[in-house]
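The structure under discussion appears below in the form of structure tokens.
Lettering follows sequence order; numbering is per chain, from 1. The analysis underlying the following values was restricted to heavy atoms, covering all of them including side chains, and did not include hydrogens, waters or symmetry mates.
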Amino acid sequence: MAKSKIKSNFKIKNHLNYILIGVVLVITFIMNSIGELGRLDRSTLVRISFSIILAVSLNLVVGFLGELSLGHAGFMCVGAYLGGYFVNVFSGFIDSPLLVYVISIMIGGLISAFFGLVIGIPALRLKGDYLAIATLAFGEIVRNIFKNIKFFGASQGLETKIYPEKEFFIITLITVIVVLILCQNLIRSKHGRAVTAIRDNEIAAKSMGINVTFYKLFIFIIAAFFAGVAGVIYAQCIGQVKQESFSYNYSIEILVMVVLGGMGSINGSIIAATIITYLNILLQNELSGPLASVKLVVYAIILIFAILFNNAPAFNNLKNKLSLKGNRKKSKEKDDEAEWNRIDTKIKMDEMLSYDLPNDDDVNSYSNSKEDN
Amino acid sequence: MAEYMLETKNLGISFGGLKAVQELNLKIKKKELYGLVGPNGAGKTTVFNIITGVYKPTTGTFLLDGEELKGKKEEVINHKGIARTFQNIRLFNNMSVIRNVMVGLHNQPEFRCDPFTSMFRLPKHFSSEKEMREKAKEILRIFNLEEERNNLACNLPYGKQRKLEIARALATNPKLLLLDEPAAGMNPSETQELMDTIRFVRDEFDMTILLIEHDMKLVSGICEEVTVLNFGQELAQGKTSDVLNNPEVIKAYLGD
Ligand SMILES: Nc1ncnc2c1ncn2[C@@H]1O[C@H](COP(=O)(O)OP(=O)(O)O)[C@@H](O)[C@H]1O
Ligand SMILES: [Mg+2]
């Protein structure tokens, strides 16, 4: 009896993410310790790692909250410069590389989050595309400021002290996992529900007493924090922070990862970030010089198609054929002048939320067992 | 304690040249079931939008339980105790029925749990989530929606969507409940059931309810007092039976 109950409560599907992550981690650790992973492999994995953090955190804003941000590289830039700087400072008097690294990550993230607050307060209050414009401007302004600060090496860039690369690699992997779990936990909570409600119907959410401004700002700041964290990892990985790397083009690259992976899908972002980063590394030598701009053309084409696919009525038939979920959406004959659902991604949030709470009875026993502990 | 739950004083709003509502003086006693009626375009929904903070009145003010709420933001007005439903149903369509209600419970003090507690999955997160679920189920039971709790809100039949909207509003624990044409699109038996539910809510929760309705049968069936609006102006006010027999009111309706 008891056995069957446990069985019915444990659904592999609900824990697939954690199982997969665990498997990947174990394999990487084993390969790392038996010396199968070379220096280059580790560097590749680190680059994939911070790309994943960037894509997932941007997805919180673009996919989950439904606001367009075009300055994610700007927040990363803040994290990279300040994180790199504090690594240099702290390494002077703290012996443990681990401690230096963790403190720098926190500081880089926090300062970046502060910038998120400063940009977000005015921009998120306005409707429409103001956030996109404000973040775009922010990204460009920030890197130009760093370019002109002598303290941070001006156009030479900032040299950062690099810690033993093997340990750094392990810490980076752990950081990615922590970030992913935190994002997931946030989405699958009452706060995630509030944000989903805002995106579903902002007017109704307000009438339910949901503080829309707070939640928009909160998600934006959290995303900025994680972008800053990614920046600190980047600085450690490269060893020299240069402002050119954080241009508008890089923000677009992150956006392409989000769009390709699927708005609101964390798993999609992880996969898309991995593939795009890996392709970038593979094609690094092929696509140098003038050919580099080919990449940007490809990105532009991807974005245009994604937008068309999501918004043009011509694709609706195709979409319904492609997805079984098409029929979940009942056609709305209501002539509601303020139909809020701008993005047709109609994110499968409810499904995502329901991993955690499959149905009430499961949930009760789950939380009961939690409390018992 | 104020004498009236809701009091509007000379409330008015104009959109450009159009005076959508003028000099409205509502006085709604506690635990009263109050009707706001009038032909299409009379300004009824606009009154709701003013009282819930969607629009700012151009003249006058309004008080909830003696407290002036004019100029407050929508979410603050909800926290103060006004909840509403919409004429064009506004459910969270991509969420299940029970989660719609749980959004309504979001700000209740007993379920408070800050974002970081949730992010780090501290014990408070699990306990508040579980209690919220129980509470939501309890509310759904009142509206006979417990069976459908895991369906998507948009997949409910029309009549049940209207009921879910009321359930969700009730979850915010209001002092005053505003219902905008709750029976619109319902068949007679659904309407009858709705009337019973509205009465039950009023008696069970000692709720003050202000409802907009087109269906005169429903209004005369459950409202103790009504105000009739016509072209934004108060045409008549008083006991339901008196007002609905008022020749001017009948003329306004027939002339529509
Ligand atoms: N935001 C707005 N801007 C301009 N006119 C409006 C607005 N909202 C309502 N109105 C006008 O106010 C009048 C009353 O509308 P409403 O309150 O919806 O009527 P009803 O009594 O049918 O609910 C209508 O003439 C409508 O066109
Ligand atoms: Mg109306």
Step through the shown structure and confirm whether more than 12 heavy atoms of other residues, nucleotides or ligands are within 6.0 Å of [atom1] on [X].
X	atom1	value
A/Phe114	CZ	no
B/Phe111	CZ	yes
B/Glu147	CD	no
B/Lys135	NZ	no

Keeping the roles fixed (side chain from [X], backbone from [Y]), state whether a donor-acceptor pair exists under 3.5 Å.
X	Y	answer
A/Asp200	B/Asn93	yes
B/Asn78	A/Ser207	yes
B/His125	A/Lys190	no

With rounding to the nearest 0.5 angstrom, report the NE2 to OH distance, B/His106 to A/Tyr215.
2.5 Å
Value for CZ (B/Phe116) from CG (A/Asn185), rounded to nearest 0.5 Å, stands at 13.0 Å
Which heavy atom of A/Phe218 sits nearest a heavy atom of B/Pro115, and at what distance?
CZ-CB, 3.3 Å
Closest heavy-atom pair, A/Met208 versus B/Ala169, reported as atoms and distance to 0.1 Å, is CE-CA, 3.9 Å
Between B/Met119 and A/Ile222, is a side chain to side chain contact (heavy atoms under 4.5 Å, CB included) present by the stated rule, with each step listed?
CA-CA 11 Å; B/Met119 275 174 102; A/Ile222 290 289; 4.0 Å; yes
Which portion of [X] sits near chain A, non-hydrogen atoms under 4.5 angstrom:
X	value
B/His79	side chain
B/Asp114	backbone
B/Ile77	neither
B/Ser118	both

For chain A, which of B/Glu165, B/Glu74, B/Lys73 has the most heavy-atom pairs under 4.5 Å?
B/Glu74
The test is side chain to side chain contact (heavy atoms under 4.5 Å, CB included); show your working for A/Ile210 and B/Val103 and say whether it passes.
CA-CA 8 Å; A/Ile210 303 289; B/Val103 172; 3.9 Å; yes
Is it true that A/Arg188 and B/Glu129 make a salt bridge, defined as a side-chain N closer than 4.0 Å to a carboxylate O?
no
I want to check something: taking the side chain as every heavy atom from C-beta on, are A/Ser189 and B/Arg121 in contact at a cut-off of under 4.5 Å?
yes
Heavy atoms only, distances under 4.5 angstrom: which of A/Leu186, A/Ile181, A/Leu182 has the most pairs with chain B? Name it, please.
A/Leu182
